[in-house]
Amino acid sequence: MSDQIIPIDQLLPNKLYLVALMGRPIFPGIFTPIMIGNPTDVKVVEDANAGDALIGLVMM
C-alpha cells in the first residue's frame, strides 16, 4: 500500500448511484446475489449500467 495522499476528487467518481438495501449487510470482496424489485432501484441500476458507472450500496 502506498503512503501517497490522493485527493478525494481523483478517487471517487463524479456521480455515484445509490441503492438502499434492507436485511443482511454486503461486505467487500464477498460475491452474493442481490434481489432488486423496487422499480426505482431497478431504474438506478439500469442507469448506472448504461453509463458504465459505479453503484453504491447502503444499508437502511
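Note that the numbering runs from 1 along the sequence shown for the chain. The structure displayed is predicted, hence computed values, not measured ones.
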May I have the list of side-chain donor-acceptor pairs in residues 22-45 shorter than 3.5 Å, sequence neighbours left out?
| from | atom 1 | to | atom 2 | distance (Å) |
| --- | --- | --- | --- | --- |
| N38 | OD1 | T40 | N | 2.9 |
| K43 | NZ | D47 | OD1 | 2.9 |
| K43 | NZ | D47 | OD2 | 3.3 |

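In the hydrophobic clustering of this structure, Y17 does not group with V58; members are Ile, Leu, Val, Met, Phe, Trp, Tyr whose side-chain heavy atoms approach within less than 4.5 Å, directly or through other members.
Nearest heavy-atom pair, A48 versus I55, reported as atom, atom and distance to 0.1 Å: CB-CG1, 3.5 Å.
In this structure, the separation between CG on L21 and CG on L57 is 5.0 Å, given to the nearest 0.5 Å.
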